[in-house]
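Numbers restart at 1 for each chain; the letters A, B, ... are given by sequence-line order, proteins then strands. Atom set for the values below is all heavy atoms of this structure, side chains included, hydrogens, waters and symmetry mates excluded.
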Amino acid sequence: MEKQVGTFAVKKGLAQMLKGGVIMDVVTAEHARIAEDAGAVAVMALERVPADIRAHGGVARMSDPGLIEEIMEAVSIPVMAKVRIGHFVEAQILESLGVDYVDESEVLTPADEEHHINKHDFKIPFVCGCRNLGEALRRIGEGAAMIRTKGEAGTGDVVEAVRHARAVLGEIRRLQNMPDEELMAYAKNIGAPYEIVRETKELGRLPVVNFAAGGIATPADAALMMQLGVDGNFVGSGIFKSGDPARRAAAIVKATTHFNDPDILAEVSRNLGEPMVGRQVTDIPEMELIAQRGW
Amino acid sequence: MKVGVLALQGDFVEHVHALRRIGVEASEVRLPGQLGVLDGLIIPGGESTTIGKLAIDYEMMEPLRAFGREKAIWGTCAGAIFLSKDARRKQPLLELMDITVERNAFGRQVDSFEVDLNVPALESVDPSGSPYHAVFIRAPLIETVQEDAQSLATLSDGRIVAASQGHWLATVFHPELTSDDRFHRYFLEMIRTN
């Protein structure tokens, strides 16, 4: 057989290598090196962390290719970058740069309110956000090779991350107990492709890797998400908006590995300095909620 | 027989499932105390810098080396890097196998690939000798093998992608991502004959 690149197995495979790890938002090459030294499995290169995107307002777009390349040169671990929902040209640009993973992200201002990117068209893999099983399976249907629950980015409030992880994992548990003749109606109700609904039932999990995101700010938050059943964590503003980023980053890495060991969790939670200043999700006007972007 | 899978980070669950499919008792290893009862250990794919850092933080480097001097270890991808004596950059390594590896030798994720390999050594567990379908993810390469380390498989251009040395095995691709269990059975034979 001839060598094949860009297959679904290698796209999904990279996400499998990231499991049990922490992917950190970074805005400079120096941040990227701090993240790598702290044990990050990958970095997300962007111009502003979600907390600043919230604060600044305006249209948030794909980052400058120059910045992304600087970060790619600074570290040996995989580098991800974000594109706006539906903005397939931003994705073509990231593919041309050779970014390792594209996040089609609600954190940026959506470019298309109807359609997400057809991710099958690309050689590079995509990760997409979701709030429930139907949304996760629609993204996989479009070619996403990795899923993250959305949470509510830039808040430091873990409540939405928990809500979305419980929704996805709880729906999978219910699906597993469903007789096969009910699957078609279920697929119709949640707006998901039937074949992928069936596959998810058989596997008892999403067919691709599933990380948590959006509001994780402490080692305990990271371990909570792992105990709920996700495969790893994205941490955005929680690290570089805190008092001692290097220390907090290393602690969140350890908590993601030793998520079931309360003694270690107590040890790594000690003396971390100031956490990011959070913003309670219930205080945010509904119009400003990021997770509702995309469908 | 009990086989452990180093579970600091990476696709350790895939290895655990592959072992259980062939009827082996498998356990996840995160701390030194969990090595004692094992007959062999697999170091999975993942990020070698993350695995190395966590191994140092939880004082696993010396226990892993001591384990490896006596018992069989197999490293896949990041695990192969971690087993090597030389990765051509400064990062924590077990320095057990006399191999030199180059990280991300094929480029970035867009260059990750699948290909069929000819692996004569697998005929000891399956005489058919059929090609082995291998998945390479941001894979390293085994640049050279030294001392009594030997190449087990190469790409069509001759570059080395699997090697063994005594009771150590290194593959830069991921047998745990496919349903072909020959490499897992091959490793069990290494444990039995060690």
Which atoms of [X] come close to chain B, meaning under 4.5 Å heavy atom to heavy atom: side chain ones, backbone ones, both, or neither?
{"X": "Asp37(A)", "answer": "backbone"}
{"X": "Ala40(A)", "answer": "backbone"}
{"X": "Val209(A)", "answer": "neither"}
{"X": "Val75(A)", "answer": "neither"}

Interatomic distance, [X] atom [atom1] to [Y] atom [atom2] [nearest 0.5 angstrom]:
{"X": "His133(B)", "Y": "Gln4(A)", "atom1": "NE2", "atom2": "CD", "value": "6.5 Å"}
{"X": "Phe8(A)", "Y": "Glu114(B)", "atom1": "CZ", "atom2": "CD", "value": "11.5 Å"}
{"X": "Asp116(B)", "Y": "Glu2(A)", "atom1": "CG", "atom2": "CD", "value": "10.0 Å"}

Using heavy-atom distances under 4.5 Å, tell me whether [X] contacts chain A through its side chain, its backbone, both, or neither.
{"X": "Val110(B)", "result": "both"}
{"X": "Glu176(B)", "result": "side chain"}
{"X": "Arg108(B)", "result": "both"}
{"X": "Ser112(B)", "result": "both"}
{"X": "Tyr58(B)", "result": "side chain"}
{"X": "Ala78(B)", "result": "neither"}
{"X": "Leu8(B)", "result": "both"}

Indicate yes or no: at least one non-hydrogen side-chain atom of Gln109(B) is less than 4.5 angstrom from one of Pro78(A).
no
Taking C-beta and beyond as the side chain, do Asn260(A) and Arg30(B) meet within less than 4.5 Å on heavy atoms?
no
[X] atom [atom1], neighbour heavy-atom count above 12 within 6.0 Å:
{"X": "Arg166(A)", "atom1": "CZ", "result": "no"}
{"X": "Phe122(A)", "atom1": "CZ", "result": "yes"}
{"X": "Gln227(A)", "atom1": "CD", "result": "yes"}

Partner chain A: residue of Val13(B), Asp57(B), Asp111(B), Leu155(B) with the largest heavy-atom pair count (under 4.5 Å)
Asp57(B)
Picking from Arg138(B), His174(B), Arg89(B), which has the most non-hydrogen pairs under 4.5 angstrom with chain A?
Arg138(B)
With chain B as the partner, which of Thr7(A), Leu14(A), Asp231(A) has the greatest number of non-hydrogen pairs under 4.5 Å?
Leu14(A)
Shortest non-hydrogen contact from [X] toward [Y]:
{"X": "Lys19(A)", "Y": "Asp11(B)", "result": "CE-CA, 4.3 Å"}
{"X": "Lys53(B)", "Y": "Gly39(A)", "result": "CD-N, 3.7 Å"}
{"X": "Phe113(B)", "Y": "Val5(A)", "result": "CB-CG1, 3.9 Å"}

Taking it one step at a time, do Glu14(B) and Gln16(A) satisfy side-chain contact (heavy atoms from CB on, under 4.5 Å)?
CA-CA 9 Å; Glu14(B) 284 79 349; Gln16(A) 287 172 282; 2.8 Å; yes
Could you give me the CA-CA distance, side-chain angles and deciding distance for Lys12(A) and Ile137(B), then say whether side-chain contact (heavy atoms from CB on, under 4.5 Å) is met?
CA-CA 10 Å; Lys12(A) 178 179 151 182; Ile137(B) 314 272; over 6 Å; no
Is there a donor-acceptor contact under 3.5 Å linking the side chains of Arg103(B) and Ser76(A)?
yes
For Thr50(B), the option from Thr257(A), Val22(A), Val41(A) that meets side-chain contact (heavy atoms from CB on, under 4.5 Å)
Val41(A)
